[in-house]
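Before any comments, here is the structure.
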Amino acid sequence: MTMHIPEFALVLLVGPSGSGKSTFARKHFRPTEVLSSDFFRGMVCDDEMNQAASEDAFELLHLVCEKRLRLGKLTVIDATNVRAESRKPFLELARKYHAQVTAVVFDFSAEFCHARNQQRAAERPFGPHVTQRHAEDLRRSLGRLEDEGVRRVFVLKDEEQVAGATFERYRLPMNKRDERGPFDMIGDVHGCLSELLALLRALGYTLTQETAADGAAFWRVTPPEGRRLVFVGDLCDRGPDTPGVYRLVIDAVERGVAFCVLGNHEDKLLRWFNTPDKVKLTHGLAQSVEQFEKELPEQRARVREFIARLPSHLVLDGGRLVVAHAGLTADMHGRVSGKVRAFAIYGDTTGESDEFGLPVRLNWAANYRARATVVYGHTPTLTPEWVNRCICIDTGCVFGGKLTALRYPEQELVSVPAEKEYAEPKRPLAPPPQALVPGGQAAPAEGHAGGHAASPSPAEGASGERSADPDLADVIGRRTIETRFAGKVTIREENAAAALESMSRFAADPRWLVYLPPTMSPCEASARPEFLEHPAEAFRYFRSEGADRVVCEQKHMGSRAVAVVCQDEAAAARRFGAEGESGIVYTRTGRRFFDDPATEAAFLGLLRDALTRADWWAKFGTDWVALDGELMPWSAKAQELLRRQYAATGSAATAALAEVNSLFGPGGTELAGRFAAKAKAAERFVAAYRRYCWPVNSVADLKFAPFFLLATEGQLYFDRTHEWHMRTLAELATAPQVLATPFRVVDLTDPAQEEAATRWWLDLTEAGDEGMVVKPLEPLTRGRKFFAQPALKVRGREYLRIIYGPDYLAPEHLGRLKHRAVGAKRGLAAREFGLGLEGLERFARGAELRAVHECVFAVLALESEPIDPRL
Ligand code: CTP
Ligand code: MG
């Protein structure tokens with residue numbers, strides 16, 4: 001006897017003690033696949049025979065069984081299993097995890113089993129009543145196993161049958177893990193042949209007219225090299241040419257260039273094929289029936305066979321891609337059960353109906369957290385929307401919408417419009433819950449002012465959930481975030497906890513936080529005796545990273561500020577879900593820059609006017625702009641630091657040193673000289689920090705120096721040079737409060753240019769400026785190993801007094817300070833930059849709030865890494 005079992009199954013061995021279950025299990029299964037009650041008895045009490053340990057042993061056995069089934073592992077239960085109550089927990093687990101249950105019954109007489117046990121009396125020292133009872137229980141069980149939920153029962157009646165039995169494990173029809181793609185998934189066609197042809201052509205497929213055996217003409221599709229089609233089901237009903245669509249798809253599937261899953265309309269069509277009298281011709285089935293009645297019976301039979309064999313869903317690309325007509329939660333991927341089938345073709349319905357008489361659906365995708373991408377159709381929407389890693393590509397072609405394809409792995413959406421409205425939708429085609437965001441649109445808008453157009457991605461899901469608050473579960477604990485530019489970034493649990501504390505207490509509404517800027521490392525300590533930092537080291541770094549052209553920007557001594565400026569409140573509501581606000585200015589740690597809403601509003605007004613004057617709304621085709629820059633004066637944010645640290649140091653030093661120096665009198669001793677120098681240093685220290693402080697009475701006293709255009713609607717600008725950013729942002733400097741930052745582009749292969757830039761830095765810093773920031777001309781410059789640092793700062797000699805103390809330049813201090821390690825800070829900057837960019841990209845392509853916030857949160861979490869704060 002050959003026993004066919006699916007690759008994922010629960011096998012129950014059923015038989016009296018001594019019937020040969022363990023021996024059989026050893027012969028046919030891997031030791032790890034077999035869970036034997038004896039083994040678990042031994043495990044809990046060292047004695048496999050101790051019946052008193054049975055309860056504990058089974059508790060463990062059930063637990064291990066559950067773990068295996070959850071993981072989708074074939075599991076064999078080696079216990080007598082002759083009583084319904086002992087089988088029950090296994091059958092429940094099998095139901096829960098959609099495992100198909102096979103029973104192998106050892107229908108041997110009590111006497112025979114007892115005789116065998118006599119041979120091993122040391123192990124089974126019991127009387128004949130034991131096997132007697134087992135045999136009786138077995139007898140009672142035999143007729144009812146199927147009713148209990150066992151799918152296949154194999155009964156072995158004698159030793160010969162046992163010896164001749166073999167297992168053949170078969171692959172489940174949905175398991176196409178070996179198919180790696182690339183794929184083009186096609187949404188619900190519903191008989192729209194003409195649109196299907198147009199879409200296939202748009203995807204680069206070749207179409208030829210062929211003649212079938214029955215003389216009918218049909219379309220044969222030939223894919224571009226290596227690609228394959230995957231239809232999400234519902235090929236039939238409502239539309240003009242359902243039979244033509246099936247001819248094309250069946251031919252393609254038979255030739256191995258397409259896959260197809262079962263849709264609910266197919267399921268009903270199949271019922272009509274099988275029992276036409278019992279099926280109501282509603283929901284567009286009437287059109288299909290009318291069209292099929294013109295086909296020959298053989299062709300109808302062919303379609304029926306085809307549908308009957310369609311899998312409920314498909315698991316592709318090593319499990320990374322799942323296609324199901326109405327979607328599928330992760331616990332059902334690759335599994336077979338009535339529940340899986342129902343979910344895959346009807347979706348997650350509550351059983352209730354809405355005002356249009358349509359089933360109310362639960363939003364399973366909103367809770368989806370698994371790694372596999374799920375592509376589905378079934379529920380027509382105006383535009384496909386990513387929700388977590390799930391996307392519905394039914395864009396209601398038959399209702400006059402579009403026919404949409406999703407290319408995988410590219411994640412590109414391609415659509416063609418319907419030629420007409422073939423059926424009237426019961427419920428008007430609605431945009432996805434937040435069609436406001438650009439992500440997921442079939443054809444991403446062309447960049448208005450250029451820049452890279454955002455395309456949706458499943459990495460993080462999308463628009464539908466924008467309004468949802470971030471979930472605590474998404475930020476606590478140790479987390480790893482996959483970024484495009486910095487690879488995997490891991491956040492330690494304690495850092496996440498610190499960030500959570502800070503975010504929840506101080507941060508602005510997460511809907512506004514689309515980006516947190518990275519930290520910035522200084523250049524290495526200078527080799528020159530009179531400098532701690534000098535441009536030469538920054539230039540050397542970028543040269544060694546292969547970035548021959550850099551931009552040097554004057555570093556304003558202010559506070560980093562991200563400004564999101566919306567054209568009006570409507571734009572803010574649309575894009576950021578904000579109410580009664582039209583923008584925000586926030587700090588590097590996600591806090592609102594201004595405590596007073598009126599100040600913030602006035603300041604945003606200033607920026608908005610500058611944007612309007614520069615005609616940026618039209619120029620960038622946007623109604624909001626995100627800018628990264630420096631806000632001055634520094635004292636506006638750093639009051640506390642100023643008072644407690646700098647002013648205190650300055651006044652103490654000035655007062656004390658004046659006293660000390662007055663005691664020295666006029667004589668020129670060495671000690672007096674040293675203290676005179678200290679007094680001078682203290683004076684310069686005070687002068688240094690004072691430069692960056694001025695009183696702020698109104699927004700007119702503030703200054704903002706933007707240096708990077710982060711994003712506009714659907715666009716990022718990381719592919720533009722910093723020179724482009726500086727020149728473009730200079731257009732905004734039309735009010736005294738908006739500064740155009742002085743900068744210069746330096747070709748590092750030309751020593752003269754490097755020297756001129758160094759001179760420029762010396763002039764700036766000797767006049768008391770903080771220093772400069774050196775950036776690779778291309779913001780995303782690949783360095784030797786990873787991306788080059790996004791920026792290095794080179795701070796001036798005078799300014800550094802604020803950081804390292806008034807007399808840090810004294811040789812005894814400078815020598816010590818030069819031993820500083822910038823590696824950790826740079827690693828941090830790289831990861832933060834990668835995360836920041838990742839978050840912004842997610843935002844630009846309309847990912848859901850949770851996915852954007854995850855990155856923003858991670859940047860903040862990294863900020864609690866212990867790093868020398870003076871760097
Ligand atoms: N045996 C045998 N020939 C077989 C199968 C089993 O001689 N074809 C012997 C085994 O060597 C063992 C005894 O019969 O000594 C019982 O077999 P076992 O596989 O241990 O039976 P189980 O059904 O597992 O018994 P229990 O429920 O007591 O574990
Ligand atoms: Mg046994």
Side-chain angles (χ1 to χ4, degrees), residues 1-3 5 9-65 68 74-91 101-142 145 150 152-167:
M1 190 190 314
T2 305
M3 300 184 262
I5 55 169
L10 177 68
V11 180
L12 290 181
L13 302 183
V14 182
S17 171
S19 59
K21 303 181 296 295
S22 301
T23 310
F24 185 82
R26 269 195 296 279
K27 181 174 164 193
H28 296 285
F29 299 97
R30 270 180 250 142
T32 50
E33 292 176 326
V34 180
L35 305 182
S36 129
S37 50
D38 284 352
F39 175 84
F40 283 95
R41 259 185 227 104
M43 178 173 259
V44 297
C45 74
D46 303 324
D47 178 3
E48 295 202 344
M49 283 317 299
N50 185 352
Q51 298 301 311
S54 282
E55 199 179 316
D56 288 335
F58 273 100
E59 195 179 322
L60 265 190
L61 193 156
H62 291 150
L63 181 68
V64 177
C65 178
R68 289 187 60 87
L74 183 135
T75 303
V76 181
I77 308 300
D78 174 20
T80 53
N81 290 319
V82 287
R83 297 171 68 92
E85 68 206 54
S86 49
R87 291 187 293 269
K88 195 166 164 231
F90 296 116
L91 288 158
V101 185
T102 295
V104 181
V105 180
F106 295 78
D107 188 11
F108 284 31
S109 73
E111 296 68 36
F112 178 87
C113 296
H114 182 63
R116 264 202 189 152
N117 281 342
Q118 294 288 83
Q119 306 289 309
R120 47 168 193 167
E123 290 169 52
R124 297 289 189 269
F126 32 68
H129 64 282
V130 173
T131 51
Q132 200 66 49
R133 204 187 57 228
H134 287 169
E136 276 162 26
D137 287 338
L138 175 60
R139 197 122 303 266
R140 271 196 288 277
S141 297
L142 264 175
L145 290 170
V150 177
R152 289 185 200 77
V153 180
F154 297 103
V155 182
L156 303 173
K157 288 183 181 300
D158 54 41
E159 287 189 274
E160 202 183 322
Q161 284 185 354
V162 171
T166 55
F167 283 96

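Note that the structure is a prediction, hence the values are computed from the model and not measured. Just follow the structure's listing: the first ligand is 1, and inside any ligand the first atom is 1.
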message = Counting the benzene-type ring for Trp, do F90 and H62 have ring centres under 6.0 Å apart?
response = yes
key: Residue pair F40 / E59, side-chain heavy-atom distance below 4.5 Å   = no
query = Where is the nearest protein heavy atom to atom 21 (O) of ligand 1: which residue, which atom, and how far?
reply = G20 N, 3.1 Å
task = Quick one: pull up CG in L156 and CD in Q161 and give me the separation to the nearest 0.5 Å.
result = 6.0 Å
key: Donor-acceptor pair, side chain of R87 and main chain of N81, under 3.5 angstrom   = yes
message = Under 4.0 Å between a side-chain nitrogen and a carboxylate oxygen: does that hold for K21 and D78?
response = no
task = State, without any angle test, whether R83 and S141 hold a side-chain donor-acceptor pair at a distance under 3.5 Å.
result = no
Side chain, backbone, both or neither: the part of P16 lying under 4.0 Å from ligand 1 by heavy atom = backbone
key: atom 3 (N) of ligand 1 - nearest protein heavy atom and its distance   = R116 NH2, 3.3 Å
query = Is G18 in contact with ligand 1, taking contact as a heavy-atom separation below 4.0 Å?
reply = yes
inquiry  = Can you tell me which portion of Q119 lies within the under-4.0 Å heavy-atom range of ligand 1? Options are side chain, backbone, both, or neither.
reply    = neither
query = What residue and atom, counting heavy atoms only, is the protein's closest point to atom 27 (O) of ligand 1, and at what distance?
reply = K21 NZ, 2.7 Å
task = Give the residue and atom name of whichever protein heavy atom lies nearest to atom 20 (O) of ligand 1, and the separation in Å to one decimal.
result = R120 NH1, 3.0 Å
Protein residue, atom and distance nearest to atom 19 (O) of ligand 1, heavy-atom basis = T23 OG1, 2.4 Å
ask   = Are any of the N or O atoms of N117 closer than 3.5 Å to those of ligand 1?
value = no
ask   = Can you find a heavy atom in the side chain of Q118 that is under 4.5 Å from one in the side chain of R124?
value = no
Under 2.8 Å: N/O/S of S22 next to the Mg ion (ligand 2) = yes
ask   = So, S22 versus D38: side-chain donor-acceptor pair below 3.5 Å or not?
value = no
note = Under 4.0 Å between heavy atoms, the region of D38 that gets near ligand 1 turns out to be side chain
request  = Show your working on side chain to side chain contact (heavy atoms under 4.5 Å, CB included) between D137 and T80 and close with a plain yes or no.
outcome  = CA-CA 10 Å; D137 287 338; T80 53; over 6 Å; no
query = How far is atom 26 (P) of ligand 1 from its nearest protein heavy atom, and which residue and atom name does that atom have?
reply = R124 NH2, 3.3 Å
message = Looking only at distances, can you tell me whether any N or O atom of D78, backbone or side chain, sits closer than 3.5 Å to an N or O atom of ligand 1?
response = no
task = Could you tell me whether R26 and ligand 1 have an N or O pair separated by under 3.5 Å?
result = no
